[in-house]
> 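Structure below; questions to follow.
These numbers come from a predicted model, not from an experiment. Side chains included, hydrogens not; waters and symmetry mates left out as well; all remaining heavy atoms used.
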Amino acid sequence: MTLRLYNTLTRRKDALEELPGFDPNNVRMYVCGPTVYDYAHIGNARPVIVFDVLYRLLKHLYEKDGGKVTYVRNITDIDDKINARAAETAAAKGIPVEQARAEITAATAQQYMDDVAALGCLPPDETPRATEYVGQMIAMIERLVAAGNAYVAEGHVLFDVSSKSDYGKLARRSLDEMMAGARVEVAPYKKNPMDFVLWKPSDATTPGWPSPWGRGRPGWHIECSAMGEALLGETFDIHGGGIDLMFPHHENEIAQSESVHHGHPLARIWMHNGFLQVEGEKMAKSLGNFITIRDLLKDWPGEVLRFNMLRTHYRQPIDWTEQSLQESERILARWRNRLLSAPAYDGCKVDMDEAFCAHLSDDLNTPAAISRLHELFNAGHWADTTAKANEQIGSFGFGNVPGVTGFIDESDVLVNKAKAVAALALIGIDPLVEREPPVAMEEIDAQVAARNAARKAKDFKEADRIRDELLAKGIVLKDGPAGTTWEVKR
RNA sequence: GGCCACGUGGCGGAGUGGUUACGCAACGGUCUGCAAAACCGUGUACUCCGGUUCAAUUCCGGACGUGGCCUCCA
């Protein structure tokens with residue numbers, strides 16, 4: 001299975017294994033994580049889910065033969081938005097700004113990790129925080145200054161973009177173009193308008209760290225360069241993030257890291273996920289459609305949110321709508337019912353479905369992979385449409401024998417079921433996860449028994465009353481050929 | 001103003017130089033006390049205008065539209 005990923009650097013799908021220096025025994029991925037100052041919104045969830053799927057796929061492809069996949073997702077806990085909140089909190093509570101900063105970032109980081117876990121994402125191998133790497137950042141800045149790629153001016157240290165001849169190669173923009181269209185307010189101490197800050201001074205009310213250039217704090221871009229180097233080395237395989245980070249953040253990471261590493265590439269493949277809109281509109285606090293993951297989790301299971309995200313290819317824009325969420329939930333519920341009604345599955349060993357894996361390996365084509373899941377679930381519908389045959393077979397599902405009449409071979413049922421479960425696991429979805437019923441099991445069983453007694457006595461009024469009563473409590477009854485079953489309504 | 005992406009059936013959403021994506025919804029049917037679920041079957045598409053080609057939804061150019069980046073941003 002050849003893994004091909006769209007590479008922003010080359011603007012085409014590159015085969016990871018064909019890139020120079022790739023080591024299948026040591027696959028490394030870095031993804032830009034959150035700035036922790038507020039609840040994460042659903043747009044923030046997109047890269048987390050997308051790259052979690054990639055992480056799982058990489059593990060599937062490379063860890064089976066003893067290889068190692070390392071996934072790093074940082075937490076940005078040094079930032080001027082954080083500082084602004086810290087200053088407010090410090091003033092309100094009468095505590096030092098450093099303490100306020102630490103409290104805000106610790107609490108927000110914990111919220112974030114809880115949210116992301118609820119979305120079914122595996123924890124990365126490393127979750128470095130910027131504050132833990134200030135020393136490495138300072139060291140890297142010193143190296144940049146020593147190499148002539150950076151200069152000190154009025155307490156700031158700035159990266160000199162003119163020192164990097166291919167600056168702009170990721171965003172495919174030339175310095176001339178950028179300066180022509182620049183709307184940046186140019187600080188007077190900059191040699192070049194596009195020069196960006198590596199280190200800036202902090203005043204007494206702003207968090208800061210001692211440095212050769214005085215007490216100050218790092219610029220935004222340097223943390224990813226420093227942490228990437230510390231945890232993954234000079235060159236790693238995949239660097240991911242939202243498309244908005246392509247410029248300037250990722251461009252600047254490349255400039256810093258490659259300058260320090262004598263031109264060695266920072267990442268072999270650069271990946272960028274598309275943006276998300278809400279009900280056709282850009283998500284913005286001013287529009288009142290700013291949805292946090294936390295709020296969504298109050299109304300929807302994490303699996304539904306995750307599945308909904310994966311129904312659109314990661315590079316496409318996605319319109320996040322209520323209708324789409326309902327559709328996602330319906331599909332998962334259907335699959336769940338099929339899995340539950342299929343014969344007992346006890347670890348039937350199957351290889352990963354090749355078609356499914358091939359779709360994922362083609363630049364993470366999750367919509368096509370999901371379409372393959374539908375095929376697995378629908379495969380080989382019996383040709384016999386008579387009621388009798390349906391009654392006999394209907395509850396099994398998962399046939400794999402086109403044109404068959406009568407019973408489906410149970411082994412095929414098991415194979416498709418096992419394949420479907422394994423494929424779903426590869427994208428991080430467990431459709432069999434039980435939801436806590438809002439009514440005690442004993443009560444449900446008793447009510448079902450009472451209703452069936454009423455049905456037997458042809459007292460359908462009483463039977464319907466019981467069914468409505470349970471429905472009002474959130475339990476849906478279904479009378480199948482094998483008896484009455486129930487599920488949790490949403 | 002500069003740069004970039006996208007425009008597929010009622011809706012969502014893949015893909016392809018010539019052959020059914022897929023799903024949801026809808027419609028018809030089977031089953032059912034009724035319902036739900038399940039199952040069978042059916043229909044509708046590639047923004048517009050040029051060009052290349054035997055053939056374009058698919059390649060090229062233009063128009064219109066939507067979104068993004070250029071400033072913090074997933």
> Measuring to OP1 and OP2 of B:C24, would you say a side-chain N or O of A:R334 lies under 4.0 angstrom away?
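For B:C24, OP1 or OP2 has a side-chain N or O of A:R334 closer than 4.0 Å.
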> Kindly say if A:K478 contacts the phosphate of B:A35, meaning a side-chain N or O under 4.0 Å from OP1 or OP2.
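Answer is no, no contact under 4.0 Å.
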> Find the distance A:R330:CZ to B:G23:C1' and express it as a whole number of Å.
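For the pair A:R330 CZ and B:G23 C1', the rounded distance is 11 Å.
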> What's the gap between B:A37 and B:C24 when it is taken at their P atoms, as a whole Å value?
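Rounded to whole Å, the distance is 12 Å.
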> So what does A:G43 hit on the nucleic acid, given a heavy-atom distance under 4.0 Å: a base, only sugar-phosphate, or nothing?
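Base, at least one base heavy atom under 4.0 Å.
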> Taking the cut-offs as 6.0 angstrom to the six-membered ring centre and 45 degrees off its axis, would you call A:R455 and A:F460 a cation-pi pair?
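The answer is no, since A:R455 fails at least one limit relative to A:F460.
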> CH2 of A:W320 versus C1' of B:A74: gap in Å, rounded?
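Rounded to whole Å, this separation is 13 Å.
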> Is the phosphate of B:C22, meaning OP1 or OP2, less than 4.0 Å from a side-chain N or O of A:N378?
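Looking at the OP1 and OP2 atoms of B:C22, neither is under 4.0 Å from any side-chain N or O of A:N378.
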> Report yes if a side-chain nitrogen or oxygen of A:N337 is closer than 4.0 Å to either non-bridging phosphate oxygen (OP1 or OP2) of B:A38; otherwise report no.
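False: A:N337 side-chain N/O out of range (4.0 Å or more) of B:A38 OP1/OP2.
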> To the nearest Å, give me how far apart OH (A:Y39) and P (B:A74) are.
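Answer to the nearest Å: 17 Å.
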> Determine whether the aromatic ring of A:F275 stacks with the base of B:A74, defined as ring centroids separated by less than 5.5 Å and ring planes inclined by less than 30°.
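Stacked: ring centres under 5.5 Å, planes under 30°.
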> Below 3.5 Å, does any donor atom in the side chain of A:D79 face an acceptor in the base of B:C72, or the other way round?
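Under the 3.5 Å cut-off, the side chain and the base do not form any donor-acceptor pair.
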> Please report whether the ring centroid of A:H156 lies less than 6.0 Å from that of A:W199.
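That pair fails the under 6.0 Å test.
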> Determine which nucleotide pairs with B:U47, using a 3.5 Å limit on both distances of a Watson-Crick or G-U wobble pair.
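Base-paired to B:A63.
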> Once you round it to whole Å, what is the distance between P of B:G67 and NE2 of A:H313?
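A:H313 atom NE2 is separated from B:G67 atom P by 21 Å.
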> Report which part of the nucleic acid A:R173 touches: base, sugar-phosphate, or nothing (heavy-atom distance under 4.0 Å, all strands).
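If one applies the 4.0 Å heavy-atom cut-off, A:R173 turns out to touch a base.
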> Hey, which sits more toward the 5' end of RNA chain B by its nearest nucleotide, A:R451 or A:G242?
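It is A:R451 whose nearest nucleotide is closer to the 5' end.
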> Could you check which of B:C22, B:G12, B:C70 has an atom nearest any side-chain atom of A:P248?
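It is B:C70.
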> Hey, can you tell me if A:Y71 and A:Y55 have their rings parallel, tilted or perpendicular (30° and 60° cut-offs)?
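A:Y71 vs A:Y55 ring planes: tilted.
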> Need the pair for B:C27. Rule: Watson-Crick or G-U wobble, both distances under 3.5 Å, any strand; none if unpaired.
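The base-pairing partner of B:C27, which may sit in any strand shown, is B:G41.
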> When rounded to the nearest Å, what value does the distance between P atoms of B:U47 and B:G41 take?
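To the nearest whole Å, 30 Å.
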> Classify the side chain of A:E327 and the base of B:G23 as holding, or not holding, a donor-acceptor pair under 3.5 Å.
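Indeed, a donor on one side and an acceptor on the other fall under 3.5 Å apart.
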> Applying a 4.0 Å non-hydrogen cut-off, can you work out what A:H41 is touching in the nucleic acid: base, sugar-phosphate, or nothing?
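Base contact - A:H41 has a heavy atom under 4.0 Å of at least one base atom.
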> Give the intermediate values and the outcome of side-chain hydrogen bond (donor to acceptor under 3.5 Å, both in side chains) for residues A:T484 and A:D479.
CA-CA 4 Å; A:T484 300; A:D479 299 323; 2.9 Å; yes
> Which part of the nucleic acid, if any, lies within reach of A:Q326 when heavy atoms closer than 4.0 Å are counted: base, sugar-phosphate only, or nothing?
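No contact at all - A:Q326 keeps every heavy atom at 4.0 Å or more from the nucleic acid.
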> Using whole Å, report how far CG of A:L376 lies from C1' of B:C22.
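In whole Å, B:C22 C1' and A:L376 CG are 13 Å from each other.
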> Is A:R467 close enough to B:C34 that one of its side-chain N or O atoms is under 4.0 Å from OP1 or OP2 there?
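No, because none of the side-chain N or O atoms of A:R467 sits under 4.0 Å from OP1 or OP2 of B:C34.
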> Are OP1 or OP2 of B:C34 and a side-chain N or O of A:R455 less than 4.0 angstrom apart?
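No, because none of the side-chain N or O atoms of A:R455 sits under 4.0 Å from OP1 or OP2 of B:C34.
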> Considering only atom P, compute the distance from B:A45 to B:U19 and round it to an integer number of Å.
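Per the computed distance, 14 Å lies between those P atoms.
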> May I ask you to say what A:L276 touches in the nucleic acid, namely base, sugar-phosphate or nothing, with a heavy-atom cut-off under 4.0 Å?
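Base contact.
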> With sugar-phosphate meaning primed atoms plus P, OP1 and OP2, does A:L477 contact a base, only sugar-phosphate, or nothing at under 4.0 Å between heavy atoms?
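It contacts base atoms.
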> Does a sphere of radius 6.0 Å around CD in A:E279 hold more than 12 heavy atoms from other residues, nucleotides or ligands, not counting ones at 6.0 Å or beyond?
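Buried by this count: over 12 neighbours within 6.0 Å.
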> I want to confirm an ordering. Mapping A:D244 and A:A171 to their closest nucleotides on RNA chain B, which one lands closer to the 5' end?
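That would be A:A171.
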> Could you work out the separation of B:C11 and B:U53 based on their P atoms and round it to a whole Å?
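Going atom to atom, P in each nucleotide, I get 36 Å.
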> Are any non-hydrogen side-chain atoms of A:K200 and A:D80 less than 4.5 angstrom apart?
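In contact.
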> Using the six-membered ring of A:Y6, assess whether NZ or CZ of A:R315 lies under 6.0 Å from its centre and within 45 degrees of the ring axis.
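Yes; both conditions hold, so A:R315 lies above the ring face of A:Y6.
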> Find the partner of B:C69: check Watson-Crick (N1-N3 plus N6-O4 or O6-N4) and G-U wobble (N1-O2, O6-N3) distances, both under 3.5 Å, and reply none if neither fits.
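Pairing partner, where one exists within any strand: B:G2.
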> Between B:G2 atom C1' and A:F247 atom CZ, what is the distance in whole Å?
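Rounded to the whole Å, the gap is 12 Å.
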> Can you tell which of B:C34, B:G68, B:G23 lies closest to the side chain of A:I331?
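Of the candidates, B:G23 comes closest.
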> Between atom CD in A:Q316 and atom P in B:U8, what is the gap in whole Å?
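Between P of B:U8 and CD of A:Q316: 10 Å.
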> Tell me the partner of B:U19, counting only Watson-Crick (N1-N3 plus N6-O4 or O6-N4) or G-U wobble (N1-O2 and O6-N3) with both under 3.5 Å; none if nothing fits.
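Because no pair has both required distances under 3.5 Å, B:U19 counts as unpaired.
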> Determine the interatomic distance between C1' on B:U20 and the same-named atom on B:C60; round to the nearest Å.
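Straight-line distance between the two C1' atoms is 29 Å.
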> C1' atom, B:G23 versus B:G15: distance in rounded Å?
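These two C1' atoms come out 15 Å apart once rounded.
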> Expressed in whole Å, how much space separates the C1' atoms belonging to B:U52 and B:G13?
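Going atom to atom, C1' in each nucleotide, I get 30 Å.
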> What is the distance, to the nearest angstrom, from the NZ atom on A:K282 to the P atom on B:A74?
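Checked: the NZ to P distance equals 12 Å.
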> Reckon A:T312 has a side-chain N or O less than 4.0 Å from the OP1 or OP2 of B:G13?
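Looking at the OP1 and OP2 atoms of B:G13, one of them is under 4.0 Å from a side-chain N or O of A:T312.
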> For B:A55, what is the paired nucleotide under Watson-Crick or G-U wobble rules, both distances under 3.5 Å?
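Pairing partner: none.
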> Got A:D362 and A:K13 here, is their nearest side-chain heavy-atom distance under 4.5 Å?
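Yes, at least one pair of side-chain atoms sits under 4.5 Å.
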> I'd like to know if A:D464 reaches the base of B:G33 with its side chain, counting only an N/O donor and acceptor under 3.5 Å.
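Check passes, donor-acceptor contact within cut-off.
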> May I ask you to say what A:K458 touches in the nucleic acid, namely base, sugar-phosphate or nothing, with a heavy-atom cut-off under 4.0 Å?
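No contact.
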> Rounding to an integer number of angstrom, what distance separates B:C27 and B:C54 when you compare their P atoms?
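Their P atoms lie roughly 47 Å apart.
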> Is the distance from the ring center of A:H221 to that of A:H250 below 6.0 Å?
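No.
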